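Only one structure is covered here, and it is reproduced in the block below.
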Amino acid sequence: MKILVVGGGGREHAIIKKIKENKDVTAVYALPGNGGIAADATCVDVKATDITGITAFAVSAGIDYAVVAPDDPLVLGLVDALEEKGIPCFGPRKNAAIIEGSKVFAKNLMKKYGIPTAEYRVFDDAAAALAYVEQAPLPTVVKADGLALGKGVVIAQTRQQARDAVVEIMEDKKFGRSGDHIVVEEFLTGPEVSVLAFTDGETLVPMVSSMDHKRAGDHDTGLNTGGMGTIAPNPYYTEEIAQTCMQTIFLPTIRAMKAEGRPFRGCLYFGLMLTPAGPKVIEYNCRFGDPETQVVLPLLQSDLLTVMKATTDGTLAHTPVRFSDRSACCVIMASAGYPAAYEKGYEITLPAAVAGDVYVAGAKREDGRLLTNGGRVLGVTAVADTLPQAVADAYRKVEQIRFENAFYRHDIGARALAAGREII
Ligand code: AMP
Ligand code: GLY
């Protein structure tokens with residue numbers, strides 16, 4: 001079987017490594033992939049958002065199954081375009097990817113179907129939004145409607161910050177058309193949990209829970225990033241909470257999408273906050289998380305490609321999905337300066353002993369050397385019997401990897417380990 005994976009980050013590298021465990025896979029193509037992924041797949045220089053280029057390649061290469069991993073091609077309708085050419089895909093169609101593509105859609109869906117989330121107001125007019133934030137309880141949360149590279153959310157502690165956020169998003173169009181509408185919502189508190197779930201639109205199977213670390217600096221300081229590290233499972237996510245989420249959030253969401261004529265197939269990502277009033281949805285993503293995938297997939301014991309195809313064929317109810325009860329930790333090694341300006345082009349020294357556990361996010365290959373080529377450069381994962389061991393092993397591996405200007409957080413897993421001690 002010839003498999004196509006769209007995307008070129010650490011998440012895609014983790015997906016590719018796992019898919020290759022299936023013996024029927026004869027070739028894997030990554031579009032565009034990256035210099036590290038090139039060790040595991042044939043990289044083809046076509047952008048993940050080039051719908052025409054990707055479908056043309058898929059047809060000419062005789063692709064049997066495609067995995068669309070990033071948000072933007074999903075929201076643009078790449079799955080629909082590939083299906084039109086007769087190529088089955090992992091991922092939602094455009095009309096279901098809107099659950100991530102529009103926060104206004106997601107909030108209204110949750111309200112209509114009684115799915116717990118923060119109280120909110122929607123605005124399509126800056127003057128009305130500005131009037132509202134003058135009296136909204138502080139802190140207040142201002143979100144651009146559309147995709148904004150994870151940066152379209154402002155937690156405003158003061159009225160001035162709230163006003164600035166409204167002006168930057170709606171008037172200065174910092175995120176382009178994504179700011180035509182905004183959501184202003186209630187500030188929630190509690191531990192955050194990421195739950196990715198396989199779904200074929202009818203059946204939903206949650207994967208092992210995880211915890212992201214979004215801020216750039218130790219102890220949750222600095223700017224928001226795409227994610228600086230993850231651990232799994234998330235100790236805050238107890239069996240009891242998992243059952244509550246299944247009944248009040250997960251199943252109601254896929255039923256709601258079906259009722260709206262937008263059946264969701266693929267990976268649905270629930271960004272949850274465990275508030276004093278119970279678990280609530282912070283956000284939905286229509287895809288695997290990055291770097292959640294780099295800790296979740298190493299714990300998957302079932303064959304990934306078989307499970308993916310079951311979400312496409314509608315046979316997930318009859319397909320076993322098993323996870324190991326071990327723990328995993330992924331530490332992101334980034335270029336100094338990320339998520340703001342950073343330099344690239346530095347050689348990466350990656351000893352063979354650790355390379356197998358490294359997912360390459362931003363690197364290129366030149367004259368046989370691997371060079372840094374992105375903000376997030378590597379995801380270094382370790383799997384162990386316990387979380388403390390996984391965290392220690394991941395950092396031991398990080399210390400063996402070198403590139404100039406490298407930076408990483410030193411406290412990935414610290415909060416989870418403290419929580420684990422509280423819970424025990
Ligand atoms: P998002 O891009 O929607 O995941 O938001 C980014 C981060 O902002 C989340 O991971 C939360 O930490 C935080 N956040 C978003 N919405 C809220 C909210 N209503 N209350 C508190 N924190 C929030
Ligand atoms: N790590 C968060 C995300 O993938 O959106």
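Whatever order the structure lists ligands and atoms in, that order sets their numbers, starting from 1. Just so it is clear, the model here is predicted, and its values are computed rather than measured.
- Looking at Asp212 against ligand 1, nothing comes within 4.0 Å, counting heavy atoms.
- A salt bridge links Asp385 and Arg326; the closest N-O separation between the charged side-chain nitrogens and carboxylate oxygens is under 4.0 Å.
- Here's the thing with Asn285: one of its N/O atoms is less than 3.5 angstrom from an N/O atom of ligand 2.
- Near Arg287, the atoms of ligand 2 lying under 4.0 angstrom from a non-hydrogen atom of the residue are 3 (C), 4 (O), 5 (O).
- Distances below 4.0 Å separate heavy atoms of Gly226 from the following atoms of ligand 2: 1 (N), 2 (C).
- Phe90 has its ring centre no less than 6.0 Å from the ring centre of Tyr65.
- At a cut-off of 3.5 Å, with distance as the only test, a side-chain donor of Thr117 or Lys107 sits close to an acceptor on the other residue.
- With ligand atoms numbered from 1 in the order given, ligand 1 contributes 20 (N), 21 (C) to contacts under 4.0 Å with heavy atoms of Phe187.
- Taking NE2 from His213 and CD1 from Ile231, the interatomic distance works out to 6.5 Å, rounded to the nearest 0.5 Å.
- Here the protein heavy atom with the shortest distance to atom 3 (O) of ligand 1 is Lys143 NZ, 3.5 Å.
- Within the 4.0 Å heavy-atom criterion, the part of Val153 lying near ligand 1 is the side chain and not the backbone.
- Polar contact check, Glu292 against ligand 2: a nitrogen or oxygen pair lies under 3.5 Å apart.
- With ligand atoms numbered from 1 in the order given, ligand 1 contributes 15 (C), 16 (N), 17 (C), 18 (C), 23 (C) to contacts under 4.0 Å with heavy atoms of Ile282.
- Taking a cut-off of under 4.0 Å to the non-hydrogen atoms of Val141, the atoms of ligand 1 that pass are 16 (N), 18 (C), 19 (N), 20 (N).
- In this structure, a donor-acceptor pair under 3.5 Å is present between the side chains of His410 and Asp218.
- Atoms of ligand 1 lying under 4.0 Å from at least one heavy atom of Glu185, given by number and element, are 16 (N), 17 (C), 18 (C), 19 (N).
- For the residue pair Glu343/Tyr346, the side-chain donor-acceptor check at 3.5 Å is satisfied.
- The option from Lys280, Glu192, Glu186 that lies nearest to atom 11 (C) of ligand 1, judged by heavy atoms, is Glu192.
- Counting only heavy atoms from C-beta outward, the side chains of Arg265 and Thr199 never approach each other to under 4.5 Å.
- Checked against a 6.0 Å centroid threshold, the rings of Phe250 and Phe270 count as neighbours.
- Salt-bridge annotation for Arg163 and Glu134: present, with a side-chain N of the basic residue lying under 4.0 Å from a carboxylate O of the acidic one.
- Residue Lys214 places no N or O, backbone or side chain, under 3.5 Å from any N or O of ligand 2.
- The distance from the CG atom of Asp180 to the CG atom of Asp145 is 8.0 Å, given to the nearest 0.5 Å.
- Residue, atom and distance of the protein heavy atom nearest to atom 23 (C) of ligand 1 are Ile155 CD1, 3.6 Å.
- The distance from ligand 1 to the heavy atoms of Lys214 drops below 4.0 Å at these ligand atoms: 4 (O), 10 (O).
- Proximity to Asp212 (heavy-atom distance under 4.0 Å) selects the following atoms of ligand 2: 1 (N), 2 (C).
- When ring centroids are compared, Tyr29 and Phe57 come within the 6.0 Å threshold.
- Both tests do not hold together for Lys344 against Phe403: distance to the six-membered ring centre under 6.0 Å, angle to the ring axis within 45°.
- Between the choices Thr189, Leu188, Thr117, the shortest heavy-atom distance to atom 21 (C) of ligand 1 belongs to Leu188.
- The contact set between ligand 2 and Tyr269, taken as ligand atoms under 4.0 Å from a residue heavy atom, comprises 2 (C).
- Applying the 4.0 Å criterion to heavy atoms of Gly289 picks out, from ligand 2, the atoms 4 (O).
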